[in-house]
Trainee: 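Pasting a structure here, questions to come.
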2 protein chains.
Amino acid sequence: MDRKDDAGLKKAGLKVTLPRLKILQILESRPEERQHMSAEDVYRALLEAGDDVGLATVYRVLTQFEQAGLVERHNFEGGHSVFELVRGEHHDHMVCVESGRVIEFFDPEIERLQRVIAERHGFSIVGHSMVLYVKPRPVPD
Amino acid sequence: MDRKDDAGLKKAGLKVTLPRLKILQILESRPEERQHMSAEDVYRALLEAGDDVGLATVYRVLTQFEQAGLVERHNFEGGHSVFELVRGEHHDHMVCVESGRVIEFFDPEIERLQRVIAERHGFSIVGHSMVLYVKPRPVPD
DNA sequence: CTAATTGCAAAAGCTTTGCAGCGCA
DNA sequence: TGCGCTGCAAAGCTTTTGCAATTAG
């Protein structure tokens with residue numbers, strides 16, 4: 001398992017250091033519904049795991065991971081950024097305003113329409129962010 | 001014209017004060033492509049207009065306007081918030097990564113798909129943000 | 001060995017808040 | 001007149017940076 005992490009880091013041109021490995025493992029060990037962590041979240045997770053890594057290093061490493069394409073940074077509402085391991089193809093997010101839960105989804109038709117719209121205005125898409133803020137729908141019984 | 005602004009403020013339960021009127025007018029006087037202003041932008045526009053309003057007041061007023069539904073706050077990438085006068089129906093945004101220009105658009109089909117997706121997951125949409133980051137498409141000559 | 005990396009603390013934005021004085025209704 | 005509003009300066013947050021010490025390759 002460390003093998004895989006080593007490879008990922010090296011491919012990104014990053015030295016394999018303890019803080020970087022630990023942070024990668026924290027992210028990997030998270031279940032999908034808890035994937036979205038702030039720098040502070042990662043920092044606390046490290047402390048809880050007994051690994052003493054400075055908060056500044058957490059920020060630096062997450063930023064490096066982002067540039068290396070290992071991680072995505074999102075700016076949901078509320079001031080701070082959240083990070084998410086890139087595990088496969090692109091997806092968008094739904095955030096429950098009551099529980100804070102984050103659900104991922106992907107809709108090819110929306111993706112297509114986005115490209116069409118950008119083209120219609122003479123642009124091509126470099127990236128996009130789409131976040132739906134939702135609340136549980138009362139289930140009719 | 002002040003009449004209209006007065007009414008808007010009163011309806012929002014806000015006293016009609018000079019700073020609030022001035023800020024409202026700054027926003028109203030902006031062409032559509034320049035609608036998206038940071039608090040700092042608004043602050044500078046006020047100074048340039050010779051109106052001495054504190055930055056803290058700008059923040060307070062914009063926040064009040066947001067809560068009153070007169071203004072929308074967006075968190076585009078890059079740390080700070082931008083504010084936009086609510087002039088009518090909802091729309092989404094396209095931000096040119098080269099020029100910083102913001103283009104507004106609306107696509108009923110995307111809106112519909114968003115609702116369908118939320119429902120499929122047992123939620124209803126409270127709000128959403130969709131930002132396409134784009135670059136000019138080389139025009140074939 | 002040498003350059004990259006880390007930790008700490010300090011600094012840097014952006015935004016909010018406390019408080020005394022001013023102004024609208 | 002009275003409560004709400006404003007300005008200023010100070011505090012709060014998240015994030016970044018400078019620098020000496022440490023570590024990977």
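Numbered from 1 within each chain, the chains take letters A, B, ... in sequence-line order. Values in this document were obtained by computation on a predicted structure and should not be read as measured data.
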Trainee: For A/V53, does its backbone N or O pair with a side-chain atom of A/T57 as donor and acceptor, under 3.5 Å?
Mentor: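 Not confirmed, A/T57 side chain does not pair with A/V53 backbone.
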Trainee: Are A/F105 and A/H93 an aromatic pair by the rule of ring centers under 6.0 Å?
Mentor: no
Trainee: Write down the distance between CG (B/L55) and P (D/dA10), rounded to a whole number of angstrom.
Mentor: 15 Å
Trainee: To the side chain of B/P19, which of D/dG7, C/dT6, D/dT16 is closest?
Mentor: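 The answer is D/dG7, which lies nearest to the side chain.
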Trainee: Among the candidates C/dT15, C/dG7, C/dC24, find the nucleotide nearest to the side-chain atoms of B/K15.
Mentor: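 Output: C/dC24.
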Trainee: With DNA chain D as reference, determine whether A/T57 or A/E40 sits nearer its 5' end, using the nearest nucleotide of each.
Mentor: A/E40
Trainee: Do any side-chain nitrogens or oxygens of B/S81 fall under 4.0 Å of OP1 or OP2 in C/dT15?
Mentor: yes
Trainee: Does a nitrogen or oxygen in the side chain of B/Y59 sit under 4.0 Å from OP1 or OP2 of C/dT16?
Mentor: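 No.
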Trainee: Do the non-hydrogen side-chain atoms of A/E109 and B/I110 ever get within less than 4.5 Å of each other?
Mentor: no
Trainee: Taking OH from A/Y43 and P from D/dT16, how many angstroms apart are they, rounded to a whole number?
Mentor: 16 Å
Trainee: Please state how far atom CG in A/L21 lies from atom P in D/dA24, giving the value in whole angstrom units.
Mentor: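 In whole Å, D/dA24 P and A/L21 CG are 10 Å from each other.
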Trainee: State which of D/dT6, C/dT17, C/dG7 makes the closest approach to the side chain of A/V53.
Mentor: C/dG7
Trainee: Reckon B/T17 has a side-chain N or O less than 4.0 Å from the OP1 or OP2 of D/dG4?
Mentor: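 Checking B/T17 against D/dG4: no side-chain N or O falls below 4.0 Å of OP1 or OP2.
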Trainee: Please figure out whether A/Q64 or B/A39 has its closest DNA chain C nucleotide nearer the 5' end.
Mentor: A/Q64
Trainee: For this output row, return yes or no: ring centroids of B/H121 and B/F123 closer than 6.0 angstrom.
Mentor: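 Not under 6.0 Å, so no.
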Trainee: Quick one: B/K10 NZ to C/dC24 P, roughly how many Å, whole number?
Mentor: 13 Å
Trainee: Applying a 4.0 Å non-hydrogen cut-off, can you work out what A/R60 is touching in the nucleic acid: base, sugar-phosphate, or nothing?
Mentor: base
